Amino acid sequence: MHGVQSDKPVTPLQISVTRAALALIVIACGLGLRWYGFPLGLPAFIVKYGGSLLWATMVFLLLGVLLPRLSRAQIAAIAVVIAAMLEFSRLVHTPWLDAFRLTTAGALLLGRIFSLWNLLAYAIGIVFGVWMDRLVEVRSLVGWTKAR
C-alpha cells in the first residue's frame with residue numbers, strides 16, 4: 001500500500017502551522033541569499049530579484065498564516081496589493097523613513113530604491129507561494145504513509 005487518503009479535514013490551525021513553517025524556510029533562504037549570495041559569486045540579478053521573489057513568497061505565506069480561511073486567490077490578491085503598495089512607497093521620501101531604510105531591517109522590509117522589475121519579481125514570488133502552498137496541501141491531504 002503506497003498511501004491512504006486522509007478522511008480528516010485539514011483545520012485552519014494546521015494550515016496556519018504549515019504555512020508558518022514554510023514562511024520560516026523562505027525567510028531563511030532569503031536571508032541566506034542576501035548575506036551569502038555575493039560571497040558565493042552569485043550574479044547581482046539573482047541576489048536582488050531572488051530576494052524580492054522570496055520576500056513576496058513570505059508575504060503570501062504570512063498572510064495565509066493570519067487568514068487561513070481565505071482562498072489562495074484571495075490571499076494572493078492581498079499579497080499583490082501589499083507588494084505594490086510597498087514598492088510605490090519607495091517613491092515617498094521623508095527623513096525618518098529614509099533613515100529607517102538605511103538600517104538592515106529597513107532595507108529588508110521596505111527596500112530602498114523603486115523598481116518596476118521588483119513588481120514582476122513579487123508577482124513571480126506570490127505565484128511560487130501559491131504553488132508551494134498547494135503542493136504541501138495536496139501532499140498532506142493524500143496522507144502518504146509507509147507500508148508496514
Side-chain angles (χ1 to χ4, degrees), residues 3 5-6 8-144:
Q5 178 91 21
S6 174
K8 295 181 183 178
V10 179
T11 67
L13 178 61
Q14 290 170 316
I15 292 168
S16 289
V17 168
T18 301
R19 287 174 173 162
L22 287 172
L24 289 174
I25 292 167
V26 168
I27 289 168
C29 290
L31 291 173
L33 181 63
R34 291 289 182 161
W35 291 337
Y36 302 112
F38 288 124
L40 290 173
L42 293 176
F45 176 85
I46 298 294
V47 175
K48 176 169 180 17
Y49 295 110
S52 295
L53 183 149
L54 291 170
W55 180 88
T57 303
M58 174 203 67
V59 169
F60 170 83
L61 291 169
L62 291 178
L63 284 170
V65 169
L66 297 173
L67 306 166
R69 295 184 190 277
L70 293 184
S71 70
R72 281 187 198 94
Q74 291 170 316
I75 296 167
I78 295 168
V80 165
V81 169
I82 289 171
M85 286 175 50
L86 177 90
E87 192 61 34
F88 284 103
S89 78
R90 293 178 185 166
L91 297 172
V92 175
H93 295 281
T94 63
W96 67 269
L97 191 53
D98 287 341
F100 179 64
R101 286 181 178 133
L102 292 175
T103 67
T104 301
L108 291 172
L109 293 172
L110 301 179
R112 294 184 179 145
I113 300 169
F114 175 81
S115 169
L116 287 175
W117 289 108
N118 276 340
L119 294 174
L120 178 61
Y122 296 153
I124 294 168
I126 292 165
V127 169
F128 180 60
V130 169
W131 176 79
M132 281 184 5
D133 189 63
R134 184 160 190 244
L135 181 67
V136 168
E137 181 189 51
V138 167
R139 292 200 185 261
S140 68
L141 287 176
V142 170
W144 292 102

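None of the values given here were measured: they were computed from a predicted structure.
Note that CG of L67 and OG of S16 are 8.5 Å apart. Values are rounded to the nearest 0.5 Å. Rounded to the nearest 0.5 Å, atoms CD1 (I124) and CH2 (W131) are 14.5 Å apart. Note that CG of D133 is 4.5 Å distant from CZ of R72, once rounded to the nearest 0.5 Å. Atom CZ of F60 is separated from atom CG of L22 by 10.0 Å, given to the nearest 0.5 angstrom. Rounding to the nearest 0.5 Å gives a distance of 10.5 Å between CG of L109 and OG1 of T104. In this structure, F114 CZ and H93 NE2 are separated by 10.5 Å, a value rounded to the nearest 0.5 Å.
T94 has its side chain out of reach of F100: every pair of non-hydrogen atoms, C-beta onward, lies at least 4.5 Å apart. Side-chain contact between R101 and D98 is present, with heavy atoms from C-beta onward closer than 4.5 Å. The shortest side-chain heavy-atom distance between L70 and L63 does not fall under the 4.5 Å cut-off. No side-chain heavy atom of E87 sits under 4.5 Å from any side-chain heavy atom of S52. Residues R19 and V136 fail the side-chain proximity criterion, which asks for heavy atoms closer than 4.5 Å.
The backbone N or O of L102 sits less than 3.5 Å from a side-chain atom of R112, completing a donor-acceptor pair. Distance alone, capped at 3.5 Å, is enough to place a donor-acceptor pair between the S89 side chain and the L86 backbone.
Heavy-atom minimum distance, L33 versus I46: CD2-O, 3.7 Å. Pairing each heavy atom of A23 with each of L62, the nearest pair is CB-CD2, 3.7 Å. Residues A76 and I126 share a closest heavy-atom pair of CB-CG2, 3.7 Å. Here the shortest heavy-atom pairing between R90 and L110 reads NE-O, 2.6 Å.
Screening residues 21-52 for ring-ring contact (aromatic ring centres under 6.0 Å, His included), with sequence neighbours left out, gives F45-Y49.
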